[in-house]
Peer 1: 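Just passing along the structure, written as structure tokens.
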Amino acid sequence: MRSAKDFFRPLAVGAPAPPREVPFRPSRMIHFFDPGNEKMAAKVPALAPQVDVLLGNLEDAVAADRKEAARAGLVSVARATDFGATQLWTRVNSLDSPWALDDLVTLVTEIGDKLDVVMVPKVEGAHDIHYVDRLLAQLEARAGLRRPILVHAILETAAGVAAVEEIAAASPRMQGISLGPADLAASRRMKTTRVGGGHPGYLVREDPPPTFGGGTPSDAPRVTYQQDLWHYTIARMVDACAAHDILPYYGPFGDIQDVTACEDQFRNAFLLGCVGAWSLHPVQIDIAKRVFSPAPEDVAWARQVIEAMGDGTGAVMIDGKMQDDATFKQCQVVVGLADALAERDPQLAASYAAADKVARR
Ligand SMILES: CC(C)(COP(=O)(O)OP(=O)(O)OC[C@H]1O[C@@H](n2cnc3c(N)ncnc32)[C@H](O)[C@@H]1OP(=O)(O)O)[C@@H](O)C(=O)NCCC(=O)NCCSC(=O)C[C@](C)(O)C(=O)O
Ligand SMILES: [Mg+2]
């Protein structure tokens, strides 16, 4: 076990120092594209200004005989594109696959200066992060990189969920964690074949009407409520991330045509503490932008509370609602996120300013 003092020392001679804080950069949507698909890759320069993160995917959804083409495609797209303030991430193949080593060696060597984050799939414990951590340090040193590449884990195995706290704490490079509902469902032997979202069979049903005096039970229809299959895992992931000051994300929503259910799933994750989700298709980009940006009226309200609370202690009433030290902190979360997003998104900044003006009338 390394001592706490060693935690921020580079893991290879000549590698950049590990980060002491995860920089909060807007990442409402991590937009997936297949860099080996020429049509999709050609859209990258136009997509870059519209999204917070572009991710060149090398793992699942890229066929085995297209792995090398995807890797080479990512190198050429990264070299040819000016991403501006948009982050470039990649998802490498799983660590037990025949491709992971070449993915890491090639990408860090060829485009390490452009890559912000490496997403590692099927992480089962801290040992997987330690392996990537050391290898990245060696490759960064050899490539002469000045800035450390961060690591993002996908929570998509039962072992990974059981070890989520140690994964979150495994390295100062840890940037965040995403839920991978499809592999996780398979790993846990859940019986859903969907990629995220609810399931009509996972429900609670209201009680039957009472049969006073032991009469015949009524066969009147009883209301059912569909439940969220992912609530436990997302909440656990959010706690692990918040406890270790890294960022939690909902992952993919596979029913591309069901934009309403996608928005619901994203919003549940946003309300529980996630900062973003994946967009698999262009239609999901605006959904994520809308959901993971706090609503203008909520931001205006939060500013009002902060102003009324002065130094943040004591209690006041606003519109019949009690505000105190804790609600002050809740409002700071909302305003802090809104300010960070407004810096990147002028349209959002204008809608926040407009809502603030209305609230102050
Ligand atoms: C679903 C698919 C096949 C439908 O692709 P399509 O071409 O059939 O759809 P379309 O509606 O006909 O496409 C319209 C236009 O948008 C383009 N387009 C379409 N998608 C994109 C995109 N992402 N980025 C940029 N452009 C895109 C597409 O090329 C087309 O262009 P065109 O009008 O010029 O002909 C396609 O959207 C796609 O391949 N998306 C990415 C899939 C992916 O990355 N999956 C892996 C992540 S989920 C996962 O791994 C699980 C997890 C976490 O591991 C676990 O839970 O375990
Ligand atoms: Mg997966």
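Position 1 is the first residue of the sequence, and the numbers go up from there. What's counted below: heavy atoms across the whole structure, side chains too, no hydrogens, waters or symmetry copies. Note that ligands are numbered from 1 as they come in the structure, with each ligand's atoms numbered from 1 the same way.
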Peer 1: Give me the nearest non-hydrogen protein atom to atom 28 (C) of ligand 1 as residue plus atom name, then the distance to 0.1 Å.
Peer 2: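 Nearest protein contact, heavy atoms only, for atom 28 (C) of ligand 1 is K43 CE, 4.1 Å.
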Peer 1: Is the closest side-chain donor-acceptor distance between H199 and T192 under 3.5 Å?
Peer 2: no
Peer 1: Which part of N57 is near ligand 1, with near meaning a heavy atom under 4.0 Å away: side chain, backbone, both or neither?
Peer 2: side chain
Peer 1: State plainly whether the residues D345 and R28 are in salt-bridge range, i.e. N to O under 4.0 Å.
Peer 2: yes
Peer 1: Which of the numbered atoms in ligand 1 are under 4.0 angstrom from any heavy atom belonging to P181?
Peer 2: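 With P181 as reference, the close atoms of ligand 1 come out as 56 (O).
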Peer 1: Check each atom of ligand 1 against the heavy atoms of L47 and keep those under 4.0 Å away; list them by number with element.
Peer 2: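 Near L47, the atoms of ligand 1 are 25 (C).
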Peer 1: Are the side chain of R194 and the backbone of G254 linked by a donor-acceptor contact shorter than 3.5 Å?
Peer 2: no
Peer 1: Enumerate the atoms of ligand 1 whose separation from the nearest heavy atom of H31 is less than 4.0 angstrom.
Peer 2: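 It comes down to these atoms of ligand 1: 22 (C), 23 (N), 24 (N), 25 (C).
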Peer 1: Do M40 and ligand 1 have an N or O pair less than 3.5 Å apart?
Peer 2: no
Peer 1: Select the closest option to atom 4 (C) of ligand 1 among H281, K122, R91, E156, judged by heavy-atom distance.
Peer 2: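 When every heavy atom of H281, K122, R91, E156 is considered, H281 comes closest to atom 4 (C) of ligand 1.
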Peer 1: Applying a heavy-atom cut-off of 4.0 Å, say which part of D34 lies close to ligand 1: side chain, backbone, both or neither.
Peer 2: neither
Peer 1: Would you mind finding which of E59, K39, R194, Q284 brings a heavy atom closest to atom 35 (O) of ligand 1?
Peer 2: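 Minimum heavy-atom distance to atom 35 (O) of ligand 1 goes to K39.
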Peer 1: For the residue pair D103 and N93, confirm or rule out a side-chain donor-acceptor distance under 3.5 Å.
Peer 2: yes
Peer 1: Does atom 22 (C) of ligand 1 have any protein heavy atom closer than 4.0 Å?
Peer 2: yes
Peer 1: Answer yes if the side chains of R25 and T86 hold a donor-acceptor pair under 3.5 Å, and no otherwise.
Peer 2: no
Peer 1: Are the side chains of N268 and W230 in contact, using a 4.5 Å heavy-atom criterion?
Peer 2: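 When only atoms from C-beta onward are counted, N268 and W230 do not touch, as no gap falls below 4.5 Å.
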Peer 1: Do K122 and D60 sit within salt-bridge range, that is, some charged N less than 4.0 Å from a carboxylate O?
Peer 2: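 Salt bridge between K122 and D60, a charged N being under 4.0 Å from a carboxylate O: yes.
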Peer 1: Using 30° and 60° as the class boundaries, would you call the ring planes of F270 and F292 parallel, tilted or perpendicular?
Peer 2: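 Ring orientation of F270 relative to F292: perpendicular.
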Peer 1: With heavy atoms of D60 as the reference, note each atom of ligand 1 found under 4.0 Å away.
Peer 2: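 Going through ligand 1 atom by atom, the ones under 4.0 Å from D60 are 46 (C).
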Peer 1: Any side-chain donor-acceptor pair under 3.5 Å between E110 and T106?
Peer 2: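 No - no donor-acceptor pair under 3.5 Å links their side chains.
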Peer 1: Under 4.0 Å, counting heavy atoms only: does V283 come that close to any atom of ligand 1?
Peer 2: no
Peer 1: Taking atom 46 (C) of ligand 1 as the reference point, report whether a protein heavy atom occurs under 4.0 Å from it.
Peer 2: yes
Peer 1: So, S171 and H130: side-chain donor and acceptor under 3.5 Å apart, yes or no?
Peer 2: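 Absent: no donor and acceptor within the cut-off.
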Peer 1: Tell me which protein heavy atom sits closest to atom 37 (O) of ligand 1, plus the residue, atom name and distance to 0.1 Å.
Peer 2: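 Answer, as residue, atom name and distance: L280 O, 3.3 Å.
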Peer 1: Which is closest to atom 43 (C) of ligand 1 in terms of heavy atoms, G180, G56, A61, S94?
Peer 2: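 Ranked by closest heavy atom to atom 43 (C) of ligand 1, first place is A61.
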Peer 1: Quick one: does G251 get a heavy atom under 4.0 Å from ligand 1?
Peer 2: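 Per 4.0 Å heavy-atom rule, G251 does not contact ligand 1.
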Peer 1: Could you give me the CA-CA distance, side-chain angles and deciding distance for I149 and D116, then say whether side-chain contact (heavy atoms from CB on, under 4.5 Å) is met?
Peer 2: CA-CA 5 Å; I149 295 169; D116 292 291; over 6 Å; no
Peer 1: Cut-off 3.5 Å, side chains only: do Y249 and S27 have a donor facing an acceptor?
Peer 2: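 Indeed, the side chains of Y249 and S27 share at least one donor-acceptor pair under 3.5 Å.
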Peer 1: Mark yes or no for whether S293, through its side chain, and R290, through its backbone, hold a donor-acceptor pair below 3.5 Å.
Peer 2: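 No; zero donor-acceptor contacts below 3.5 Å.
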Peer 1: Tell me if a side-chain donor or acceptor on D239 pairs with a main-chain N or O of A242 at a distance below 3.5 Å.
Peer 2: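 The answer is no, because no donor-acceptor pair under 3.5 Å joins these two groups.
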Peer 1: Below 4.0 angstrom, counting only protein heavy atoms, does anything approach atom 39 (O) of ligand 1?
Peer 2: yes
Peer 1: Nearest protein heavy-atom contact for atom 51 (C) of ligand 1: which residue, which atom, what distance?
Peer 2: P252 CG, 3.8 Å
Peer 1: I'd like to check whether A182 has a polar contact with ligand 1, where a contact means an N/O of the residue lying under 3.5 Å from an N/O of the ligand.
Peer 2: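 Looking only at distances, the answer is yes, because the N/O contact criterion of under 3.5 Å is met.
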Peer 1: Any idea how many protein N, O or S atoms are nearer than 2.8 Å to the Mg ion (ligand 2)?
Peer 2: 2
Peer 1: Could you check atom 20 (N) of ligand 1 against the protein and tell me its nearest heavy-atom contact, residue, atom and distance included?
Peer 2: P282 CD, 3.5 Å
Peer 1: Please report whether atom 7 (O) of ligand 1 has a protein non-hydrogen atom at a separation of less than 4.0 Å.
Peer 2: no
Peer 1: Please answer whether the main-chain N or O of A70 pairs with a side-chain N or O of R66 as donor and acceptor at a distance below 3.5 Å.
Peer 2: no
Peer 1: Just distances here: any N/O of V195 and N/O of ligand 1 closer than 3.5 Å?
Peer 2: no
Peer 1: May I ask you to check whether D183 has an N/O atom sitting below 3.5 Å from an N/O atom of ligand 1?
Peer 2: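 In this structure, D183 places an N or O atom under 3.5 Å from an N or O of ligand 1.
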